[in-house]
Number of protein chains: 2
Amino acid sequence: MEKEKKYTIAECRQSLTAIKDVMELLSGKWKFRIIGGLMINGKMRFMDLLRTVDGIAAKMLSKELVELEQNELLTRTVLNTKPITVEYELTAHGKTLAPLITTIASWGISHRRFLFRKRKPVPQL
Amino acid sequence: MEKEKKYTIAECRQSLTAIKDVMELLSGKWKFRIIGGLMINGKMRFMDLLRTVDGIAAKMLSKELVELEQNELLTRTVLNTKPITVEYELTAHGKTLAPLITTIASWGISHRRFLFRKRKPVPQL
DNA sequence: CAGGATCCTTTACGATACTG
DNA sequence: CAGTATCGTAAAGGATCCTG
């Protein structure tokens, strides 16, 4: 009874573009780590992020934060302290990434198990 | 009534590793295009892929296919034809990527709409 | 046809030093 | 503290040519 779902050319192209958008925005070594940190901890200052996302250099963190802010995934707030401090926080839109992250993580977990069962070498934790 | 979901350190680390795995496997310019093509068309020969995934060079296609095969997302079958032909097809495991792809694509679509509503410049289709 | 070899360009990322 | 500037390396990707 089930009809196989078919896709129009337009739908395919739209999806491919959307995937490309997401990849350009979120791929690289740090984006998910930054977003993940903010999801768990809420508001964080630059230094907090620098410590939490370990291994990242200030220059990279700064660059990544700008990109994320331009895409309105997070807000940047400069506080009136003696040496200034800046707080970063996910926007409501940024929080909509949660299901995406969950989906990716759970496929990744099952993929790792899959390779393990096949006795394939798997990158270290 | 709802309790907020909490995560242990171990769960976080596992998720981060899983996301890193997925990104290493699927990021780059071509992987999703290749997998998408195979999802829609089923079995495809090297040349079919070269034409479908437009813009890709033979060298890149070849390299990407090897990686995907090593991860058992697809199978490679050499046929007994005069000039040999090779067929690629998603494995059952490869097909489990479908929900992941759908999730990414739909977040991407709504993100693009979000930026558009805000009158932010958006990359061309 | 499928794909490897070679060479080249571009982008991502890292280390260190510096400034308001 | 929150960055920027400068410089350097490594990895991704592209173009072209070659072969069983």
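Letters A, B, ... mirror the listed sequences (proteins, then strands); counts begin at 1.
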Does any non-hydrogen side-chain atom of B:Leu26 lie less than 4.5 Å from one of B:Leu100?
-> yes

Any idea which of C:dG14, D:dA2, D:dT4 is nearest the A:Ser62 side chain?
-> D:dT4

Given D:dG13, C:dA2, D:dA2, which nucleotide is nearest the side-chain atoms of B:Lys29?
-> D:dG13

Examine D:dG3: is either OP1 or OP2 under 4.0 Å from a nitrogen or oxygen in the side chain of A:Arg76? Give yes or no.
-> yes

Electrostatic pair A:Asp54-A:Arg51, nearest N-O below 4.0 angstrom | no

Do A:Lys20 and B:Arg33 have side-chain heavy atoms sitting under 4.5 Å apart?
-> no

B:Leu26 CG to D:dA12 P: how many Å, rounded?
-> 14 Å

In whole angstroms, the gap separating P of C:dC1 from CG of B:Leu61 amounts to 13 Å

Rounded distance (Å) that lies between atom P of C:dC13 and atom CE of B:Met23 = 12 Å

Nearest-neighbour nucleotide for the A:Ile84 side chain, D:dA2, C:dC1, C:dC13 considered | D:dA2

Nearest listed nucleotide, side chain of B:Met60, among C:dA2, D:dG14, D:dC1 = D:dG14

When rounded to whole Å, the CD1 to P distance for the pair A:Ile56 and D:dA2 reads 14 Å

Picking from D:dA2, C:dC13, C:dA2, the nucleotide nearest the side-chain atoms of B:Arg45 would be C:dA2

Protein-nucleotide distance (A:Met47, atom CE; D:dG3, atom P), rounded to Å | 10 Å

So with a 6.0 Å cut-off around CG of B:Leu79, is the heavy-atom count from everything else above 12?
-> yes

Starting from P on D:dA11, measure out to CD on B:Glu67 and report it in whole angstrom.
-> 14 Å

Roughly how many Å is it from CG in A:Leu50 to C1' in D:dT4, rounded to a whole number?
-> 14 Å

Check whether any side-chain N or O of A:Tyr88 sits under 4.0 Å from OP1 or OP2 of D:dG3, and answer yes or no.
-> yes

Same cluster for A:Ile101 and A:Ile109 if Ile/Leu/Val/Met/Phe/Trp/Tyr side chains link at under 4.5 Å?
-> no

Nearest-Å distance, CG (A:Leu79) to P (C:dG20)?
-> 22 Å

Reckon B:Lys59 touches a base, only the sugar-phosphate, or nothing at all at heavy-atom distances under 4.0 Å?
-> base

Starting from the 5' end of DNA chain C, give me the residue, A:Pro83 or B:Val66, whose nearest nucleotide shows up first.
-> B:Val66

